[in-house]
Asks: 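Pasting a structure below so you can have a look.
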Amino acid sequence: MIKLHPKGPLLSSFVEGSLPASLSVVIASHIEMCPECQKQVELLTEQAANACFGESSTSATQSGLEPQVERLCEELMDSDIEASLSGSELSMLDAITSITEVEHSAETVDLAAIIDKEIEVSGAKFKVPRALRNIEIKPFQGLGKLSRSRLNIEDGDLRTSLLHIDKGGSVPTHTHKGFEVTLLLQGSFEDEMGVYQAGDFIWLDAEHTHQPVTKTGCVCLTVSNDAIHFTKGVSQLLNPIGQFIY
């Protein structure tokens, strides 16, 4: 069961299209997994549409344009359009219709192929969220039980990655110089603050210090805007170059 979700203002910004691309990708991936947020986004989208088009519709009615539009539609429906076309024009219309049908069929096949896309890393397979399927995913690079793949999203200081932690693996204790968003795509992990399941949306910053550990293995989608800062053990030696590896 998903316990952690994007907050309301973040979902509103997602619907408005005002978020950076990296954050939009993570939130879209969470929405795909979360029926609760799907309903909330549908409601926010409906509200945004009403706010945008409701006023225009009212203005049209008040100005008397709506009855005119209705009469025009009735006239078009009543007229025999095909009777007024020549044979060559009818042939062209049939050709255009046929091309459109073929193009729609091709699109359906391509989408079906994309929907089934899976990635395998260290023997674990996971489905790629729809939001990632048109984004270049670079090869995974691993160290011990950790493997990471960069997503090719040009988004300023934001870095988007897929992180796989093999069963029994962990990330050394660290905090964050900026913020880090983690969407758990598969498996589970735990830290000092709780246990997380697939679909959980976790937002951490410099106020949080933790050591993620997974018993079963997990795959995460992450976005960060600065380096993590290791706070214990040998990993602290990496802090001077953290800016180059986050």
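Values in this document were obtained by computation on a predicted structure and should not be read as measured data. Values below: every heavy atom of this structure, side chains too, minus hydrogens, waters and symmetry copies.
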Asks: Verify the neighbour count for atom CD of E136: are there more than 12 heavy atoms of other residues, nucleotides or ligands below 6.0 Å?
Replies: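 Yes.
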Asks: Can you tell me how far apart CD1 (I27) and OG (S22) are? Round to the nearest 0.5 Å.
Replies: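 Between atom CD1 of I27 and atom OG of S22 there are 11.0 Å.
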Asks: To the nearest 0.5 angstrom, please state how far the CG atom of L151 sits from the OG1 atom of T160.
Replies: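 One finds 6.0 Å between CG of L151 and OG1 of T160.
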Asks: Kindly compute the distance separating CD1 (I202) from NE2 (H5), expressed to the nearest 0.5 Å.
Replies: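 Here the rounded value is 11.5 Å.
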Asks: I'd like to know if the side chain of N50 and the backbone of F53 have a donor-acceptor N/O pair within less than 3.5 Å.
Replies: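 No; zero donor-acceptor contacts below 3.5 Å.
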Asks: Is there side-chain contact between F230 and L237, with heavy atoms separated by less than 4.5 Å?
Replies: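 Not in contact.
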Asks: Contact between F179 and L23 at the side-chain level, heavy atoms closer than 4.5 Å - yes or no?
Replies: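 Result yes, sub-4.5 Å side-chain heavy-atom pair found.
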Asks: Do F126 and F201 share a hydrophobic cluster, counting only Ile, Leu, Val, Met, Phe, Trp and Tyr and linking them when any side-chain heavy atoms are less than 4.5 Å apart?
Replies: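 Yes: a chain of side-chain contacts under 4.5 Å links F126 to F201.
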Asks: Is any side-chain heavy atom of Q141 less than 4.5 Å from a side-chain heavy atom of R148?
Replies: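 No. Closest side-chain heavy atoms not under 4.5 Å.
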Asks: From N239 CG over to I228 CD1, what is the distance, rounded to the nearest 0.5 angstrom?
Replies: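 Spacing of CG (N239) from CD1 (I228) equals 8.5 Å.
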Asks: Examine V26 and L132 and state if one hydrophobic cluster contains both, with Ile, Leu, Val, Met, Phe, Trp and Tyr joined whenever side-chain heavy atoms are less than 4.5 Å apart.
Replies: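 Yes; L132 is reachable from V26 via cluster members.
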Asks: Any chance CD of E154 has more than 12 other-residue heavy atoms, nucleotides or ligands included, within less than 6.0 Å?
Replies: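 No.
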Asks: Grab the two heavy atoms, one from I2 and one from A198, that are nearest each other, plus how far apart they are.
Replies: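 Closest approach of I2 to A198: CG1-O, 3.5 Å.
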Asks: Where do Q211 and E192 land on the side-chain contact (heavy atoms from CB on, under 4.5 Å) test, with the steps shown first?
Replies: CA-CA 7 Å; Q211 182 182 19; E192 295 82 348; 3.7 Å; yes
Asks: I'd like to know if the side chain of Q38 and the backbone of E32 have a donor-acceptor N/O pair within less than 3.5 Å.
Replies: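 The answer is yes, because a donor-acceptor pair under 3.5 Å joins these two groups.
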Asks: Are M33 and L10 linked, directly or through intermediate hydrophobic residues, by side-chain heavy-atom contacts shorter than 4.5 Å (ILVMFWY only)?
Replies: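 Yes.
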Asks: Is there a side-chain contact between K177 and N225 (heavy atoms, below 4.5 Å)?
Replies: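 SC-SC contact between K177 and N225 ruled out.
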Asks: Consider only side-chain heavy atoms of I, L, V, M, F, W and Y, link residues closer than 4.5 Å, and tell whether L43 and V15 are in one cluster.
Replies: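 No, L43 does not connect to V15 through the hydrophobic network.
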Asks: Using the rule given for side-chain contact (heavy atoms from CB on, under 4.5 Å), can you reason through M193 versus L204, listing the C-alpha separation, both sets of side-chain angles and the distance that settles it, and then say yes or no?
Replies: CA-CA 11 Å; M193 295 172 282; L204 301 177; 4.0 Å; yes
Asks: Which pair of heavy atoms, one from S170 and one from L146, lies closest together, and at what distance?
Replies: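 Between these two residues, the closest heavy atoms are O-CD2, 3.6 Å.
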Asks: Quick check: is I153 connected to L163 through a chain of hydrophobic side chains (ILVMFWY, heavy atoms under 4.5 Å apart)?
Replies: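 No, because L163 and I153 fall into different hydrophobic clusters, even though each may have its own neighbours under 4.5 Å.
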Asks: Closest approach of E120 and G123, non-hydrogen atoms and distance?
Replies: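 Minimum heavy-atom contact is OE2-CA, 3.7 Å.
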Asks: What is the minimum heavy-atom distance between S24 and L19, and which atoms define it?
Replies: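 Heavy atoms of S24 and L19 come nearest at OG-CB, 3.5 Å.
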Asks: To the nearest 0.5 Å, how far apart are CD in E36 and CD1 in I31?
Replies: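 Answer for the CD-CD1 pair, E36 versus I31, is 11.5 Å.
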Asks: Can you confirm whether K138 sits close enough to N152 that some side-chain heavy atom of one is under 4.5 Å from a side-chain heavy atom of the other?
Replies: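 The answer is yes, as the side chains (C-beta and beyond) meet within the 4.5 Å cut-off.
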Asks: Are C220 and T222 side-chain neighbours, meaning at least one heavy-atom pair lies under 4.5 Å?
Replies: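 In contact.
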Asks: Ignoring hydrogens and angles, write down the donor-acceptor pairs under 3.5 Å from the side chains of residues 180-190, residues two or more places apart or on other chains.
Replies:
from: E180; atom 1: OE1; to: H176; atom 2: NE2; distance (Å): 2.9
from: Q186; atom 1: NE2; to: K125; atom 2: O; distance (Å): 2.9

Asks: I need the minimum non-hydrogen distance between H30 and G199, along with the two atoms involved.
Replies: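 What the structure gives for the nearest pair is ND1-O, 2.8 Å.
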Asks: Rounded to the nearest 0.5 Å, what's the gap from CD1 on I165 to NZ on K215? Could you check?
Replies: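 I165 atom CD1 to K215 atom NZ measures 14.5 Å (nearest 0.5 Å).
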Asks: Are V41 and L11 close enough that some pair of their side-chain heavy atoms sits under 4.5 Å apart?
Replies: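 Yes, close enough: below the 4.5 Å cut-off.
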Asks: If you look at every heavy atom in D200 and L4, which pair is closest and at what distance?
Replies: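 For D200 and L4, the tightest heavy-atom pair comes out as OD1-N, 3.1 Å.
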Asks: With side-chain contact (heavy atoms from CB on, under 4.5 Å) as the criterion, how do S235 and H174 come out once you've worked through the C-alpha distance, each side chain's angles and the decisive distance to 0.1 Å?
Replies: CA-CA 9 Å; S235 300; H174 63 276; over 6 Å; no
Asks: Do Q40 and L44 have side chains that approach each other closer than 4.5 Å (heavy atoms only, starting at C-beta)?
Replies: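 SC-SC contact between Q40 and L44 confirmed.
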Asks: Please identify each residue that fulfils side-chain contact (heavy atoms from CB on, under 4.5 Å) with A131, with sequence neighbours left out.
Replies: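 In terms of side-chain contact (heavy atoms from CB on, under 4.5 Å), with neighbours along the sequence ignored, A131 is linked to V25, A28, S29.
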